[in-house]
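Just so you know, these numbers come straight off a predicted model, no measurement behind them.
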Amino acid sequence: MLSNNHNNSPPTPRTRLERLLRERELRRSNRSSSLNDQESRDACSLGEVNSYDLFTNAGDICGSFNEEDVLEGISVVKDSFDGFQRPEGRTYKQRLLVVANRLPVSAVRKGKETWHLEISVGGLVSALLGLKEFEARWIGWAGVNVPDEAGQRALEKALAEKKCIPVFLDEEIVHQYYNGYCNNILWPLFHYLGLPQEDRLATTRSFQSQFDAYKKANQMFADVVNKYYEEGDVVWCHDYHLMFLPKCLKEHNSTMKVGWFLHTPFPSSEIHRTLPSRSELLRSVLAADLVGFHTYDYARHFVSACTRILGLEGTPEGVEDQGKLTHIAAFPIGIDSERFIRALKLPQVQDHIKELQERFAGRKVMLGVDRLDMIKGIPQKILAFEKFLEENPKWRDKVVLLQIAVPTRTDVPEYQKLTSQVHEIVGRINGRFGTLSAVPIHHLDRSLDFHALCALYAVTDVALVTSLRDGMNLVSYEFVACQASKKGVLILSEFAGAAQSLGAGAILVNPWNITEVAASIGYALDMPADERERRHHHNFMHVTTHTSQEWAATFVSELNDTIVEAQIRTRQIPPLLPIREAVNCYSRSHNRLVILGFNATLTEAVDALGRRYGQIRDMDLRLNPAVKEPLKKLCDDKNTTVVVLSGSDRSVLDDNFGDYNMWLAAENGMFLRPTKGEWMTTMPENLHMDWVESVKHVFEYFTERTPRSHFELRETSLVWNYKYADVEFGRLQARDLLQHLWTGPISNASVDVVQGSRSVEVRAVGVTKGAAIDRILGEIVRDKGINKPIDYVLCVGHFLTKDEDVYTFFEPDLPTEVPAAVARTTVTNPFGGVPVPKIPNTVVSPSRSARLKKQRSLSILERKANSHGSAVFWRPVVQDRLSLHEGSSVLDLKGDNYFSCAVGRKRSNARYLIGSSDDVVTLVKELSECSECQI
């Protein structure tokens with residue numbers, strides 16, 4: 001853990017609450033100096049633009065984490081930089097690389113090597129200007145095509161002065177990536193408009209080329225980031241244009257700190273699953289360390305999509321994939337509220353206010369400020385206003401609606417059609433309710449400068465935001481910030497992200513319900529002053545405290561904290577199997593034992609939903625065709641004993657491995673046979689199985705009511721599997737099933753309930769792979785007549801947690817604790833005649849003895865037989881029985897000659913990890929080639 005190096009600094013906070021309180025004090029102390037510096041920043045050569053510029057509607061999120069959670073990591077990461085000084089004496093600032101589709105500049109070429117730049121001041125720009133503790137750099141497309149190298153060098157030089165780094169995209173890439181995939185596919189889908197419907201065949205044909213261009217463009221962004229990246233930098237990727245970027249960055253440098261934030265809504269999983277590239281985009285985003293959204297709803301939709309489409313595990317913190325946790329959270333953006341509050345005091349703004357007050361004297365002013373876009377609900381807003389005028393004649397000459405509609409994408413036919421529609425409705429209403437001296441609607445197809453906009457906000461009585469689907473809509477925030485004196489009313493669409501932040505102070509409406517919106521207009525105009533003041537106070541407090549600067553600082557701090565947590569988790573994850581080292585040790589050994597699992601180990605690789613290449617394969621387990629030949633070669637090596645240890649029943653193993661020279665251990669080792677011999681069992685005859693029928697009835701019931709689920713009836717267990725069922729419904733059913741089991745059939749039964757990722761298994765107590773392995777070894781030793789010790793063990797499997805005791809069984813340091821010369825006492829052998837060695841308790845220290853008992857575990861019934869000397873009757877497998885530790889007695893392992901590997905599980909007791917069953921094929925091939933060379 002990072003600590004503070006200042007001797008006089010307060011101690012590092014140890015709890016989340018302590019860190020929260022400390023960070024609050026730090027922010028409060030810095031806020032006053034930030035406000036003093038704000039005016040000088042406004043006076044710099046950033047240029048003035050209005051609220052519709054790039055990034056203004058950049059995003060907002062309502063927290064799914066409480067404030068304590070969000071601020072947790074800030075002071076921890078901050079401490080790592082305390083006291084570190086640059087050579088020139090300035091305090092070190094962590095570099096922040098902000099990567100967005102567009103740079104916050106407008107570049108105009110004035111000559112061959114001359115460029116004119118204007119920087120926009122929008123939501124994201126304002127947020128990062130307030131981050132004093134970070135040194136921000138912008139990376140993005142400058143919005144112009146620069147084909148010549150001289151022009152590119154000149155633009156890079158000019159942008160460097162603005163701390164911007166350009167990504168150069170040619171016209172074809174821009175057309176396919178930006179106009180095509182981003183604006184024609186992703187943007188409509190994320191706003192619930194669906195995929196393009198016109199000319200479907202042409203759309204289908206062009207989709208793949210657009211998606212290829214999208215990936216190519218994202219790689220070009222990644223190349224620029226990699227070029228300028230320095231160790232310790234934070235990379236913050238923005239919006240749907242760059243969903244592939246986290247994956248590209250992590251593939252180049254897995255230690256890079258990467259966050260991704262979406263500035264639009266994220267649709268429900270039912271909408272997202274219609275996208276052909278749905279899985280690739282989700283997995284690419286999950287490569288990031290932290291993923292942020294506007295609201296909790298959008299974050300929930302993303303997690304649901306990962307669960308339903310990818311079959312991954314959703315947790316309260318995010319999404320987990322094979323032990324790698326991507327944090328998912330909601331972060332509310334805001335605006336630079338102080339900028340608007342200060343602007344109201346400027347002389348030019350006051351002049352605008354007086355002019356507007358005189359112009360609309362005696363009339364209530366309603367205001368709408370939107371991009372002329374399908375999702376903004378401008379026609380619905382105007383129609384609702386028309387209905388209000390119809391139903392309230394007294395208001396016809398007392399209210400005016402000012403609608404600012406900023407043109408966008410004017411070359412697109414759909415937007416041209418929308419413009420004509422709006423103009424037609426406005427003209428009809430003005431012709432119907434207007435007079436020679438006044439009209440009810442003033443409609444402007446243009447933007448306003450910042451000062452004029454602030455004045456308009458200030459004189460407004462009712463702001464009307466009727467977005468049909470909006471990521472955040474910061475117009476509502478700007479209106480509230482300018483209403484300190486007027487205290488106007490905000491009517492806000494429930495489909496705008498801002499509704500989750502300002503909903504308590506605003507009047508929430510469904511914009512599709514024209515009657516409801518019309519009624520809300522009347523309620524807002526007649527609202528008493530005290531209620532208006534209460535509502536405004538609630539919204540004003542939120543807008544002035546949840547600023548854009550606070551949003552940026554919170555996200556980056558949370559990202560730093562996420563990295564710290566990930567590093568802690570990484571230390572607990574076993575390393576990847578060193579295949580070359582494992583093969584070398586294999587070649588040097590003389591008597592080898594290879595234990596392989598079956599499901600998800602020797603089968604074909606599938607995703608978490610049991611699909612390969614997106615399709616559900618045969619529900620019966622089948623051996624991976626790629627491993628058949630190398631496995632046969634491995635089994636034919638006389639110095640190698642291969643055991644397939646599986647929870648499957650005997651018939652499954654017979655069908656898949658009957659032609660191999662190996663040993664099969666079915667039902668977690670309760671049944672054993674060499675492929676050239678007959679099945680034998682190690683089950684006690686008095687093993688209580690009277691619970692089977694009642695459990696079977698419960699499993700049958702839940703199979704019937706859970707589509708695509710099934711259950712298996714085995715001799716020692718029952719398994720209910722919902723791998724192919726709907727993920728969320730399956731989990732709910734599994735929870736319900738467990739409640740039924742614990743309160744009924746197994747409430748007093750001697751059983752273990754084992755939960756897998758998509759299964760529930762009820763098995764007899766003591767039935768585990770680790771409990772059976774010693775007996776399996778002894779049977780193999782007796783059958784093969786092994787007279788030289790086993791000096792190499794490889795154990796590979798995708799085992800349930802309860803069965804991972806098989807990994808620890810072979811840890812070679814344990815047997816050395818028992819000196820060979822120690823006299824052994826004996827207990828009665830259940831089979832009679834053959835003494836069973838018993839190790840005195842004085843040989844091993846209590847703690848090590850407990851560990852030995854766990855890792856060399858016998859079944860509970862066997863331990864009872866040893867301790868009480870009572871006879872336990874076993875099924876007649878063979879006439880004479882091996883000693884209970886005869887199997888482990890043939891092991892002569894050194895630490896370097898034992899390799900336990902978990903397949904696809906990062907939380908494991910195994911020494912090493914193997915990524916998937918495809919990697920197991922590679923390992924088996926190399927081992928078989930080594931065996932061939934030795935023949």
Side chain [X], main chain [Y], donor-acceptor under 3.5 Å:
X      : Y      : answer
Gln219 : Cys248 : no
Asn218 : Tyr214 : yes
Lys250 : Met256 : yes
Tyr192 : Ile271 : no
Arg95  : Glu135 : no

What residues form a side-chain hydrogen bond (donor to acceptor under 3.5 Å, both in side chains) with Thr255, not counting sequence neighbours?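 side-chain hydrogen bond (donor to acceptor under 3.5 Å, both in side chains) list for Thr255, sorted by chain: Asn253.
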Matching residue for His238 among Val99, Asn101, Val98 - test: side-chain contact (heavy atoms from CB on, under 4.5 Å):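 Of the listed residues Val99, Asn101, Val98, the side-chain contact (heavy atoms from CB on, under 4.5 Å) partner of His238 is Val98.
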[X] and [Y] ion-paired at < 4.0 Å:
X      : Y      : result
Arg109 : Asp148 : yes
Asp321 : Lys324 : no
Asp233 : Arg137 : no

May I ask you to decide if the ring planes of Phe211 and Phe244 are parallel, tilted or perpendicular, using 30° and 60° as cut-offs? perpendicular
Looking at Leu245 and Cys237, what are the two nearest heavy atoms and their distance? CD2-SG, 3.5 Å
Assess the residue pair Thr295 and Tyr298 against the criterion (side chain to side chain contact (heavy atoms under 4.5 Å, CB included)); give the C-alpha distance rounded to whole Å, side-chain angles, the decisive distance to 0.1 Å, and a yes or no. CA-CA 5 Å; Thr295 68; Tyr298 305 155; 3.4 Å; yes
What residues form a salt bridge (charged side-chain N to carboxylate O under 4.0 Å, His left out) with Glu171, not counting sequence neighbours?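 Partners of Glu171 by the salt bridge (charged side-chain N to carboxylate O under 4.0 Å, His left out) criterion come out as none, since no residue qualifies.
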Which residues pass the salt bridge (charged side-chain N to carboxylate O under 4.0 Å, His left out) test with Arg409, sequence neighbours left out?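 Counting only residues at least two positions away or on another chain, Arg409 forms no salt bridge (charged side-chain N to carboxylate O under 4.0 Å, His left out).
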